[in-house]
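This report refers to the structure that appears directly beneath it.
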Amino acid sequence: MNDMKNDLYLRTLRGEKVERTPIWVMRQAGRYLPEYRAVRKQAGDFLTLCKTPELACEVTMQPIDRFGLDAAILFSDILTIPDAMGLELVLEEGVGPVFNKPVRSEADINKLTVPDAEDDLGYVMDAVRVIRKELDGRVPLIGFTGSPWTLASYMVEGSGSKEFRRIKGLMFESPQAAHTLLQVVTDSVITYLKAQVAAGAQSLMVFDTWGGMLSTANYQTFSLSYMQQIVSAIKSDAATKDIPIVLFTKGGGQWLEMMADTGCDGLGLDWTVDITNAKARVGDRVVLQGNMDPVVMNTGTTQVQDNAMQVLEGYGQHQAGDKGHIFNLGHGIQPFAQPDNMKALVDTVQGQSSKFHA
Ligand code: CP3
């Protein structure tokens with residue numbers, strides 16, 4: 001089992017004492033890299049790239065090869081599940097993801113069924129298998145999903161949104177229908193994550209990109225309770241119970257205690273959260289992942305170095321009882337980021353963090 005050449009990321013997630021802080025970056029494979037844009041052009045479009053395991057593997061490896069990050073993340077998207085449910089995902093240039101057949105009525109909701117992870121999403125599992133083989137133990141592979149609330153938001157809105165008029169309308173006017181939708185998505189997510197682990201994913205992350213749009217009470221009822229089901233399902237199955245799972249609610253900084261109560265292993269922090277304060281609140285219960293402002297990556301090398309040090313200093317000395325810290329940005333790296341800044345960031349974290357682990 002333990003044939004990893006660099007298993008720092010997994011050891012950190014298990015709460016072990018480590019020699020330095022590991023780093024990976026949300027959206028580390030993506031449009032800021034010229035070699036990504038070249039492969040994406042070769043594939044023709046984003047979904048073909050996701051659905052061709054050899055190409056998905058190639059772009060997964062690009063940031064590992066170029067920057068020496070401490071973990072790889074499966075190249076895919078959170079919207080694969082709704083696509084497999086028949087909503088027909090298209091990625092429109094300059095618009096973002098759009099569904100040809102969004103969920104617009106209770107009848108639409110009642111027609112949804114849980115996709116089969118191997119029959120309907122086998123390309124994702126194939127990508128996991130190909131990537132694990134290619135990684136050959138260099139670094140661990142992170143599998144992922146969107147949270148049920150975030151997936152349901154895209155499914156009902158039909159695209160990205162600022163106001164979330166439709167999904168919130170459903171939640172306020174027909175809460176039972178919203179719960180039916182969230183439950184079928186949750187069941188799909190659990191099946192999907194278990195299949196990723198069976199295929200070779202070594203840790204799991206849940207992206208709750210839009211949970212932060214909710215009131216506290218509605219966050220608990222419509223987002224967190226479904227993430228709780230996911231954590232419980234992973235932790236109660238012998239095949240997945242040892243796989244660390246990290247929850248990330250963007251805008252969820254005020255809810256860290258209740259997120260830690262789910263029994264997850266780690267929490268992603270967006271950049272608005274004071275990491276010193278987060279550590280005082282939940283740092284003895286969960287590993288913290290984050291949280292430099294991603295926009296720093298679009299500026300100069302000095303700014304990257306300074307801001308990275310601020311995050312390391314913010315978490316501070318690793319002492320007995322602290323679960324640990326994984327360096328990341330507070331949200332995905334943007335297409336405008338400078339590739340050289342990624343190098344500076346990785347060098348800073350890998351070169352400077354050992355002094356916080358004395
Ligand atoms: O490197 C990695 O992190 C792995 C791959 C990955 C992608 N999407 C690739 C991608 C991951 C983990 C995701 C997650 C994802 N997808 C989230 C949750 C994380 C977050 O950013 O909050 C969300 C909300 C999506 C939905 C989505 N997919 C959007 C909004 C877009 C369009 C614009 C954007 O943000 O990049 C996508 C497409 C997408 N997914 C691209 C990539 C590299 C861009 C595709 C391209 O234009 O080539």
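Predicted model only: the values in this text are computed from it and were never measured. First listed ligand is number 1; within each ligand, the first listed atom is number 1.
- Nearest-residue assignment for atom 33 (C) of ligand 1 (options Gln28, Arg31, Arg40; heavy-atom criterion): Arg31.
- Atom 38 (C) of ligand 1 has as its closest protein heavy atom Leu91 CD1, 3.6 Å.
- In this structure, Lys343 forms no cation-pi arrangement with Phe67, as its terminal cationic atom is not both closer than 6.0 Å to the ring centre and no more than 45° off the ring axis.
- The Thr209 neighbourhood of ligand 1 comprises atoms 18 (C), 19 (C), 20 (C), 22 (O), 24 (C), with distances under 4.0 Å to a heavy atom of that residue.
- Taking each of Tyr36, Phe248, Phe144, Tyr154 in turn, the one with a heavy atom nearest to atom 43 (C) of ligand 1 proves to be Tyr36.
- Under the 4.0 Å criterion applied to side-chain N and carboxylate O atoms, Glu54 and Arg129 are not assigned as salt-bridge partners.
- Of the candidates Met26, Arg27, His331, Arg27 brings a heavy atom nearest to atom 2 (C) of ligand 1.
- Note: His179 and Phe222 meet the aromatic proximity criterion, with ring centroids under 6.0 Å apart.
- When the heavy atoms of Leu33, Asp77, Thr80 are ranked by distance to atom 27 (C) of ligand 1, first place goes to Asp77.
- Every atom of ligand 1 with a heavy atom of Ile73 under 4.0 Å away is listed here by number and element: 1 (O), 2 (C), 3 (O), 4 (C), 12 (C).
- From the protein, the heavy atom lying nearest to atom 19 (C) of ligand 1 is Phe207 CD2, 3.5 Å.
- Remark: aromatic rings of Phe207 and Phe144 are close, center separation under 6.0 Å.
- For CD of Gln317, the number of neighbouring non-hydrogen atoms (other residues, nucleotides, ligands) closer than 6.0 Å is greater than 12.
- Every heavy atom of Gly160 sits 4.0 Å or more from the atoms of ligand 1.
- Protein heavy atom in closest approach to atom 4 (C) of ligand 1: Leu74 O, 3.5 Å.
- Comparing heavy-atom distances from atom 6 (C) of ligand 1 across Ser76, Pro63, Gly94 singles out Ser76 as nearest.
- Ring centroids of Tyr36 and Phe75 are separated by less than 6.0 Å, placing the two rings close together.
- Among all non-hydrogen protein atoms, the one lying nearest atom 31 (C) of ligand 1 is Pro97 CD, 3.7 Å.
- At a threshold of 4.5 Å between side-chain heavy atoms, the hydrophobic network of Ile, Leu, Val, Met, Phe, Trp and Tyr places Leu224 and Phe164 in one connected group.
- Taking the charged nitrogens against the carboxylate oxygens, Asp261 and Arg285 do have a contact shorter than 4.0 Å, which makes a salt bridge.
- The 12-atom threshold is not exceeded at CD of Glu173, counting heavy atoms of other residues, nucleotides or ligands nearer than 6.0 Å.
- Counting heavy atoms closer than 4.0 Å to ligand 1, residue Leu49 contributes nothing at all.
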* **Audit row: Ser147, Thr150, side chain to side chain donor-acceptor pair (under 3.5 Å) steps and yes/no** => CA-CA 5 Å; Ser147 73; Thr150 296; 3.0 Å; yes
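- Looking at atom 1 (O) of ligand 1, its nearest protein heavy atom turns out to be Ala29 N, 3.0 Å.
- Among all protein heavy atoms, the one lying closest to atom 42 (C) of ligand 1 is Phe46 CE1, 3.5 Å.
- Residue contact check for ligand 1: Thr150 places no non-hydrogen atom closer than 4.0 Å to it.
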